[in-house]
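So the structure is just underneath, and the comments pick up after that.
None of these values were measured; they are calculated from a predicted model. Quick note: numbers below take in every heavy atom, side chains included, and nothing from hydrogens, waters or symmetry partners. Numbering of residues begins at 1 and proceeds along the displayed sequence.
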Amino acid sequence: MRIFVTGATGFIGSAIVQELIAAQHEVLGLARSDGAAASLAAAGAHVHRGSLADLDSLQRGAAGADGVIHTAFNHDFSRFKENCETDRRVIAALGSALAGSERLLIITSGTGLLTLGRLGTEADAPSADSTAIPRIASEEAAAAAAARGVRVSVVRLPPSVHGEGDHGFVPLLINFARDKGVAAYVGDGRNRWPAVHRFDAANLFRLALEQGTSGARYHGVAEEGVPYREIGRSPA
């Protein structure tokens, strides 16, 4: 299949591109810079120039594909709510190019939208409290697309997606510990963090594309509920 991937040069998206190409899929990757285009070409993917701000470019990319995997997101957390609303518009644009077809749109969300204090499952809708969390915009957009006849499914990722090149949750903790000389946690440190390696997440995206069903939710979690104190005690 020919798959359009947004975020194709990102930490997770680049792993997805590798996974898809290894499975003999043809990849069309979104690139907004010459550097990103060169990286995609080197990986063996086709290049589609555009950006999250250019909805027409997104629709053209989706229109020429057999399926879409959407992982692109602006992680400037000083503008988090604005970026979540951008994601809502992006999903609507991608969906409009696929509506009424059998082609699948896979969007990215997070396990942090689920109800706290109990085990979350893939059958769970976002918690009632999550309506106040800006990231809910992505799942709301997916539901709106489904109502318009788009075959759409959701991959929820945990707070920690790790692997070589990670610059997120775990590296922040490591840098903090190196700077302060101590790895600390609050209280007894029993609050739990799920996690997944980026290549395992990429494998899930591919399987969701090849074998998944419309309307499904998939949790990309490999390490389930790691206590925070264990993270703090782990050697860097």
### Task
Step by step, work out the side chain to side chain contact (heavy atoms under 4.5 Å, CB included) result for I3 and L209.
CA-CA 9 Å; I3 311 303; L209 179 79; 3.4 Å; yes
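- L20 is connected to M1 through a chain of hydrophobic side-chain contacts under 4.5 Å among Ile, Leu, Val, Met, Phe, Trp and Tyr, so both are in one cluster.
- No hydrogens or angles considered: a donor-acceptor pair under 3.5 Å links the side chains of H70 and D87.
- Shown are I107, L55, T6; of these, the side-chain contact (heavy atoms from CB on, under 4.5 Å) with V90 is made only by L55.
- Hydrophobic clustering (ILVMFWY, side-chain heavy atoms < 4.5 Å, transitive): L52 and F11 are in distinct clusters.
- For the pair G7 and A72, the tightest heavy-atom approach, listed with the atom from each and the gap, is N-CB, 3.3 Å.
- Of the inter-residue distances, the one linking D124 atom CG with L119 atom CG reads 8.0 Å to the nearest 0.5 angstrom.
- Scanning all heavy atoms of the two residues, the minimum distance from A41 to V47 falls at N-CG2, 4.3 Å.
- Interatomic distance, CZ of R151 versus CG of L98, reported as 10.0 Å (0.5 Å rounding).
- Heavy atoms only, all atoms of each residue included: R206 and A23 are closest at CD-CB, 3.5 Å.
- Closest approach of A208 and L104 over heavy atoms only: O-CD2, 3.5 Å.
- There is no path of hydrophobic side-chain contacts, each under 4.5 Å, that joins L94 to V5.
- Of the possible polar contacts, one joining the R2 side chain to the G64 backbone as a donor-acceptor pair under 3.5 Å is found.
- Looking only at distances, a side-chain donor or acceptor of S33 sits under 3.5 Å from a matching main-chain atom of A36.
- As a member of the Ile/Leu/Val/Met/Phe/Trp/Tyr network built from side-chain separations under 4.5 Å, F80 groups with F73, F77.
- Under the 4.5 Å side-chain heavy-atom criterion for ILVMFWY residues, a single connected hydrophobic cluster contains both V68 and V154.
- When hydrophobic clusters are built by joining Ile, Leu, Val, Met, Phe, Trp and Tyr residues whose side-chain heavy atoms come closer than 4.5 Å, directly or via intermediates, I12 is grouped together with L204.
- Few gaps surround CZ on R60; more than 12 heavy atoms of other groups in view lie less than 6.0 Å from it.
- Of the options E139, R156, R217, a side-chain hydrogen bond (donor to acceptor under 3.5 Å, both in side chains) to S109 is made by E139 and by none of the others.
- F205 CZ to R198 CZ: the interatomic distance, rounded to the nearest 0.5 Å, is 13.0 Å.
- H162 and E223 share a side-chain donor-acceptor pair at under 3.5 Å.
- Residue I133 comes nearest to G112 through the heavy atom pair CD1-O, 4.2 Å, listed as atom of the first residue, atom of the second, then distance.
- When atom types are taken as modelled, the side chain of E122 and the backbone of H219 share a donor-acceptor pair closer than 3.5 angstrom.
- Remark: side-chain polar atoms of D54 are not paired, donor with acceptor, to backbone N or O of G50 under 3.5 angstrom.
- Residue C84 holds its SG atom at 10.0 Å from CD1 of I136, rounded to the nearest 0.5 Å.
- A distance of 3.5 Å separates CD of Q59 from OG of S96, quoted to the nearest 0.5 Å.
- Side-chain atoms of R103 come within 3.5 Å of backbone atoms of A63 as a donor-acceptor pair (strictly under, hydrogens ignored).
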### Query
How far apart are the C-alpha atoms of I106 and Y218, what are their side-chain angles, what is the distance that settles it, and do they pass the side chain to side chain contact (heavy atoms under 4.5 Å, CB included) test?
CA-CA 10 Å; I106 300 175; Y218 304 100; over 6 Å; no
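- Just one residue in the list I69, L105, L28, D66 forms a side-chain contact (heavy atoms from CB on, under 4.5 Å) with F4, and that residue is L28.
- At distances below 3.5 Å, not a single donor-acceptor pair connects side-chain atoms of N74 with backbone N or O atoms of N83.
- Between the side chain of H48 and the main chain of S57, a donor-acceptor pair closer than 3.5 Å is present.
- Between the N175 side chain and the L172 main chain, no donor and acceptor come within less than 3.5 Å of each other.
- Between the side chain of S14 and the main chain of G10, a donor-acceptor pair closer than 3.5 Å is present.
- Here the shortest heavy-atom pairing between A43 and I21 reads O-CD1, 3.2 Å.
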### Message
Between T213 and S153, is the side chain to side chain contact (heavy atoms under 4.5 Å, CB included) condition met? List the steps.
### Response
CA-CA 7 Å; T213 58; S153 59; over 6 Å; no
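- Counting heavy atoms from C-beta outward, S138 and I91 have side chains that approach closer than 4.5 Å.
- You'll find the side chain of R49 stays beyond 4.5 Å of the side chain of R32, heavy atoms only.
- Checked by atom type, the side-chain pair H25/E210 shows a donor-acceptor distance below 3.5 Å.
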### Task
In sequence, state the C-alpha distance, the side-chain angles, and the governing distance for E85 and E82, and then conclude on side chain to side chain contact (heavy atoms under 4.5 Å, CB included).
CA-CA 5 Å; E85 288 305 314; E82 178 184 341; 5.9 Å; no
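- For the atom pair OG1 of T111 and CG of L157, the computed distance is 8.0 Å after rounding to the nearest 0.5 Å.
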